[in-house]
Amino acid sequence: MSIFFNKRSKIKDNRDDKIVKKKSKRSNRTWHQTGFKIESSAYYKRGLSVDRYPEGYPRISAYIDSDYDTALFRRFGTLHARSLLYKQVELTELEAQLDELDKEDAGQLDKEGEGNTGAGNNKWRLGHSISLAGGKENEKRRDLMKKIDEKMEEYDKLVLREAALRKLSRPSKRVYRNFMDFMYTEHPFSDSDERFVYHEQDFVSLGEYEGDWLDELMHRLVNNWVLRTIFVTEDEQAKTRDPYVRYYSADRLNILIKVMIAVTSTALLLIPIYIFLSCTVSTKLMAAITLIFALLLATAVSILTSANRQEVFAVTAAYCAVLVVFIGNIQQTATLHS
């Protein structure tokens, strides 16, 4: 993972195409973090250090490749939609031409396209393959279907490609901001080449990372000097000599996050059990305590993890089942003693 010293004044308006460029001094040092999984120390020994590449496209390419969170690219969603619309219209026109040809051969239309109640002399073509007699007997329909097949293939490829792009996750504001800060501060390209950076809503991330609230919070807190001494290692920092960039271990951070989740989940289970065992409470109060802690657990799972709705429901149901069984055992024990 990398931490980036912001070397410019903060830009308040970072909407698409609304950023006003203004270079600033490196004295304004605000920490920003991104994250990625370190491969191994051998990664650096192969010479894949960002600094060894010349400035411009070579160095920025190395920087993007060095970090999962920096693997951001534009989806060009508007252009994809425009291309799909054009191809959609072309296919619709070809479809109309095929329908008209079918009606003409069926005798429903005359050559001028008007209604014709007489039987069509070419109705037999509708029941034969377009390849009959090498296509000579159905040449017009064969040529039209060839055009449709070509356009359909282009259209299908573009639809599937767009569907695949839409499945990619959008970067969080932290990830995009960090990427933009680096591009803005280093200014590796000409103004015209750099325009792609200022389209925040169009970027997708190629890296896979947990985008939940807890992960984002830990990434922001890792700039603390105490945590920095824990998570920044010599091997990771060997990727760059830039004093404004820090790389920290995703593995260590993930371990810390997992420990925090484990402690939270264990506490949410044991606290109500402790209350039931140490205090004399009525059945109604036990039910109320169970409801409160079930809500707390569902909220914690939703916020602290990337669990989907079904998983949150399953965890909450299992949690309630455990407490209900425990309450039942307490009641049964109390009945036997009385």
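- Leu84 CG to Lys87 NZ: the interatomic distance, rounded to the nearest 0.5 Å, is 8.5 Å.
- A 4.5 Å side-chain heavy-atom check between Arg142 and Met145 finds every atom pair outside the cut-off.
- Grouping the Ile, Leu, Val, Met, Phe, Trp and Tyr side chains by contacts below 4.5 angstrom, directly or via other members, places Tyr274 apart from Leu269.
- In terms of heavy atoms, Met152 sits closest to Leu91 at N-CD2, 3.8 Å.
- With sequence neighbours left out, Arg166 forms a salt bridge (charged side-chain N to carboxylate O under 4.0 Å, His left out) with Glu162.
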Starting from the C-alpha separation in whole Å, work towards a yes-or-no answer on side chain to side chain contact (heavy atoms under 4.5 Å, CB included) for Phe182 and Thr70. CA-CA 10 Å; Phe182 187 88; Thr70 55; over 6 Å; no
Worked verdict on Val312 versus Arg309 for side chain to side chain contact (heavy atoms under 4.5 Å, CB included): CA-CA 5 Å; Val312 173; Arg309 296 175 183 176; 5.7 Å; no
Leu168/Ser205 under side chain to side chain contact (heavy atoms under 4.5 Å, CB included): CA gap, chis, key distance, verdict: CA-CA 7 Å; Leu168 296 174; Ser205 175; over 6 Å; no
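- With respect to the salt-bridge test (charged N to carboxylate O, under 4.0 angstrom), the residues Lys173 and Glu200 qualify.
- With sequence neighbours left out, Glu150 forms a side-chain hydrogen bond (donor to acceptor under 3.5 Å, both in side chains) with no residue at all.
- Among residues two or more places apart in sequence or in another chain, the salt bridge (charged side-chain N to carboxylate O under 4.0 Å, His left out) test is passed with Lys147 by none.
- In this structure, Ala307 and Val301 approach most closely via the heavy-atom pair CB-CG1, 3.9 Å.
- Contact record, Ala62 with Tyr53: CB-CD1, 3.4 Å, taken as the closest heavy-atom pair.
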Show the numbers, then the answer: is there a side chain to side chain contact (heavy atoms under 4.5 Å, CB included) between Phe179 and Phe203? CA-CA 11 Å; Phe179 178 79; Phe203 273 88; 4.1 Å; yes
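- A search for side chain to side chain contact (heavy atoms under 4.5 Å, CB included) contacts involving Glu90 returns Lys151, not counting sequence neighbours.
- Residue Asp191 comes nearest to His187 through the heavy atom pair OD1-CE1, 3.3 Å, listed as atom of the first residue, atom of the second, then distance.
- Clustering of Ile, Leu, Val, Met, Phe, Trp and Tyr side chains at separations under 4.5 Å leaves Leu85 isolated, with no partner residue.
- Annotation: side chain of Leu72 is not in contact with side chain of Val204 (no heavy-atom distance under 4.5 Å).
- Side-chain atoms of Ser83 do not come within 3.5 Å of backbone N or O of His80 as any donor-acceptor pair.
- Side-chain atoms of Met286 and Phe276, non-hydrogen and from C-beta on, do get closer than 4.5 Å to each other.
- Residues Met183 and Phe189 are in side-chain contact: their nearest non-hydrogen atoms beyond the backbone lie under 4.5 Å apart.
- In this structure Ser282 satisfies the side chain to side chain contact (heavy atoms under 4.5 Å, CB included) test together with Lys284, Leu285, sequence neighbours excluded.
- Residues Val159 and Ile148 are members of one and the same hydrophobic cluster, defined by side-chain heavy-atom contacts under 4.5 angstrom among Ile, Leu, Val, Met, Phe, Trp and Tyr.
- Residue Leu291 is found in a hydrophobic cluster whose other members, listed by chain and number, are Leu295; membership requires side-chain heavy atoms under 4.5 Å apart, directly or through intermediates.
- Judged as a salt bridge (charged side-chain N to carboxylate O under 4.0 Å, His left out), and not counting sequence neighbours, Lys146 has no contacts.
- Hydrophobic clustering of Ile, Leu, Val, Met, Phe, Trp and Tyr side chains at less than 4.5 Å, counting indirect connections, keeps Tyr319 apart from Ile303.
- With rounding to the nearest 0.5 angstrom, the CG atom of Leu94 is 11.0 Å from the CG atom of Asp99.
- Taking CZ of Phe196 as the start and CZ of Phe73 as the end, the distance is 8.5 Å to the nearest 0.5 Å.
- Linking ILVMFWY residues whenever their side-chain heavy atoms come closer than 4.5 Å, directly or via other members, leaves Val315 and Val263 in distinct clusters.
- Closest approach of Glu194 to Pro188, counting heavy atoms only: OE2-CD, 3.6 Å.
- Going from atom CG of Leu144 over to atom CD of Glu139 covers 12.5 Å, rounded to the nearest 0.5 Å.
- The line from OG of Ser278 to CD1 of Ile273 is 11.5 Å long, rounded to the nearest 0.5 Å.
- Shortest non-hydrogen contact noted between Ile289 and Pro272 is CG2-CB, 4.1 Å.
- Taken to the nearest 0.5 Å, the CD1 atom of Ile261 stands 6.0 Å off from the CG atom of Leu304.
- Looking at residues two or more places apart in sequence or on another chain, you find no side-chain hydrogen bond (donor to acceptor under 3.5 Å, both in side chains) involving Glu95.
- Counting heavy atoms from C-beta on, the side chains of Tyr57 and Asp193 come closer than 4.5 Å.
- For Asp156, there are no side-chain hydrogen bond (donor to acceptor under 3.5 Å, both in side chains) partners two or more places apart in sequence or in a different chain.
- In this view, Arg59 and Glu55 satisfy the salt bridge (charged side-chain N to carboxylate O under 4.0 Å, His left out) rule, not counting sequence neighbours.
- No path of Ile, Leu, Val, Met, Phe, Trp and Tyr side chains, each step under 4.5 Å between heavy atoms, connects Phe313 with Leu323, placing them in separate hydrophobic clusters.
- Legend: residues meeting side-chain hydrogen bond (donor to acceptor under 3.5 Å, both in side chains) with Arg74, ordered by chain and number and at least two apart, are Asp202.
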